[in-house]
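Shown next, in structure tokens, is the structure this report addresses.
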Protein chains: 2
Amino acid sequence: MSRRDDVHAALREAPGFLSAQDIYARIRSGGTPIGLATVYRLLQAMAAQGQVDVVRSGDGEATYRLCRSTAHHHHLVCRACGRAEELDADVVERWAQAVAEEHGFTAVDHVVEIIGTCARCAPDD
Amino acid sequence: MSRRDDVHAALREAPGFLSAQDIYARIRSGGTPIGLATVYRLLQAMAAQGQVDVVRSGDGEATYRLCRSTAHHHHLVCRACGRAEELDADVVERWAQAVAEEHGFTAVDHVVEIIGTCARCAPDD
DNA sequence: CTATATGCAAAAAGTTTGCATCTCC
DNA sequence: GGAGATGCAAACTTTTTGCATATAG
């Protein structure tokens, strides 16, 4: 079995986004002696093929997540438990497109991440 | 004069976002012997005080820009020339809030970046 | 003199690359 | 035997920290 599968499995089992180092740690915890370099190489390849989403965390770390669909979508992530849901954001798509065009921009792409505390993790629940 | 002013000036004169290293280089080019560490320290402080926006570029580098307003806003960035415009995104604010609530999320925060090619940089202009 | 600001260089953190090995064909 | 995959360690890049000096009050 290739390491590609290990990375894929780690991502599949994750609740939200994982950093390369997280994935590395998870796979090794599972008893598979993978190397950090391999994880990065695989992640790059998967990102290039559009198999995973890449989002830079606030502290400069890249985090990855399996794309459920190749279609464009956004995420709603719980800051406490890391649970993430993919959202189909038609409104935002159109808004982004419109605003960009107003300013003369083309080939528009965008990143939208909504971070919140989910019901389960809310302090005053 | 404090180095804070040098950094502020560098940002003020910049067309778009500058990385810490850019700022460092610019100030030194101007003849002022500032240190990289000072630039980072100042930038951190300014960001903490909400004086500058911080946006992570695709390759993990943080870029900074003076905030025109302290209110929440988003950016429209040209992927070619780096020119960025601040947007007031009422639609998105509300959408994010609504979607999050639908999923039972609270304390919602969000990140919205629109990247495109501006008219000036469009290939088939 | 004490506190803050600053610079230099070393240290961290995250990521990439070089190179040898190992496997599959 | 050769191509591609993999692991380890070294190299790199960006950012942070330690420490000594300089400056302000």
Side-chain angles (χ1 to χ4, degrees), chain A residues 1-12 14 16-66 77 82 111 113, chain B residues 1-12 14 16-66 75 77 79 82 84 111 113 115:
Chain A
M1 175 162 65
S2 70
R3 295 286 158 261
R4 210 181 313 22
D5 296 318
D6 294 314
V7 171
H8 197 276
L11 285 166
R12 197 169 338 108
F17 284 86
L18 292 179
S19 68
Q21 321 249 354
D22 286 338
I23 295 169
Y24 169 71
R26 272 168 175 257
I27 297 176
R28 291 190 76 110
S29 297
T32 306
I34 198 173
L36 227 201
T38 302
V39 174
Y40 276 106
R41 277 190 284 241
L42 257 17
L43 248 13
Q44 280 185 331
M46 292 168 84
Q49 290 165 33
Q51 287 172 35
V52 298
D53 288 327
V54 187
V55 175
R56 293 263 165 195
S57 70
D59 55 314
E61 210 180 13
T63 57
Y64 305 82
R65 208 196 114 134
L66 238 44
V77 188
V111 178
E113 293 295 327
Chain B
M1 174 162 64
S2 69
R3 298 285 92 119
R4 210 183 310 23
D5 295 318
D6 294 314
V7 171
H8 198 276
L11 285 165
R12 196 167 340 105
F17 283 87
L18 292 181
S19 68
Q21 321 251 354
D22 285 339
I23 296 168
Y24 169 71
R26 271 167 175 259
I27 297 176
R28 290 191 76 109
S29 297
T32 306
I34 197 172
L36 227 201
T38 304
V39 174
Y40 277 107
R41 276 190 284 241
L42 258 15
L43 248 13
Q44 280 185 329
M46 292 169 84
Q49 290 166 34
Q51 287 172 35
V52 298
D53 288 328
V54 188
V55 175
R56 294 264 164 194
S57 70
D59 55 314
E61 207 181 15
T63 57
Y64 305 81
R65 205 194 116 133
L66 242 42
H75 300 110
V77 188
R79 82 180 93 234
V111 178
E113 292 295 328
I115 298 105

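Only heavy atoms go into these numbers, but all of them, side chains included; no hydrogens, no water, no symmetry mates. Below, chain A is the first sequence line, B the second, and so on; all start at residue 1.
Using a 4.5 Å cut-off on side-chain heavy atoms (C-beta onward), B:Arg3 and B:Ile27 make no contact.
Taking atom CG of residue A:Asp5 and atom C1' of nucleotide D:dT6, one finds them 14 Å apart after rounding to whole Å. Atoms CD1 (A:Ile23) and C1' (C:dT15) sit 13 Å apart, rounded to a whole Å. Taking atom CZ of B:Arg3 as the reference point, atom P of D:dA24 lies 12 Å away to the nearest angstrom. A:Leu18 has its CG atom 13 Å from the P atom of C:dT15, to the nearest Å. Put simply, OH on A:Tyr24 is 15 Å from C1' on C:dT16, counting in whole angstrom units. Atom pair A:Glu61:CD and D:dT16:C1' shows a separation of 16 Å (rounding to whole Å applied). If you take CG of A:Asp6 and C1' of D:dT6, they are 12 Å apart, rounded to a whole angstrom.
Using modelled atom types, one finds a donor on one side chain and an acceptor on the other under 3.5 Å when comparing B:Arg12 with B:His8.
Out of D:dG7, C:dT6, D:dC8, the shortest distance to the side chain of A:Arg28 is found at D:dC8.
Partners of A:Gln44 by side-chain hydrogen bond (donor to acceptor under 3.5 Å, both in side chains), not counting sequence neighbours: none found.
Without hydrogens or angle criteria, A:Arg65 side chain to A:Leu11 main chain gives no donor-acceptor distance under 3.5 Å.
Closest approach of B:Tyr24 and B:Gly35 over heavy atoms only: CE1-C, 3.6 Å. B:Val54 approaches B:Ala62 most closely through the heavy-atom pair CG1-CB, 4.1 Å.
Interface residues of residues 31-44 of chain B facing DNA chain C, ordered by number: B:Pro33, B:Ile34, B:Gly35, B:Ala37, B:Thr38, B:Arg41; criterion, heavy-atom separation under 4.0 Å.
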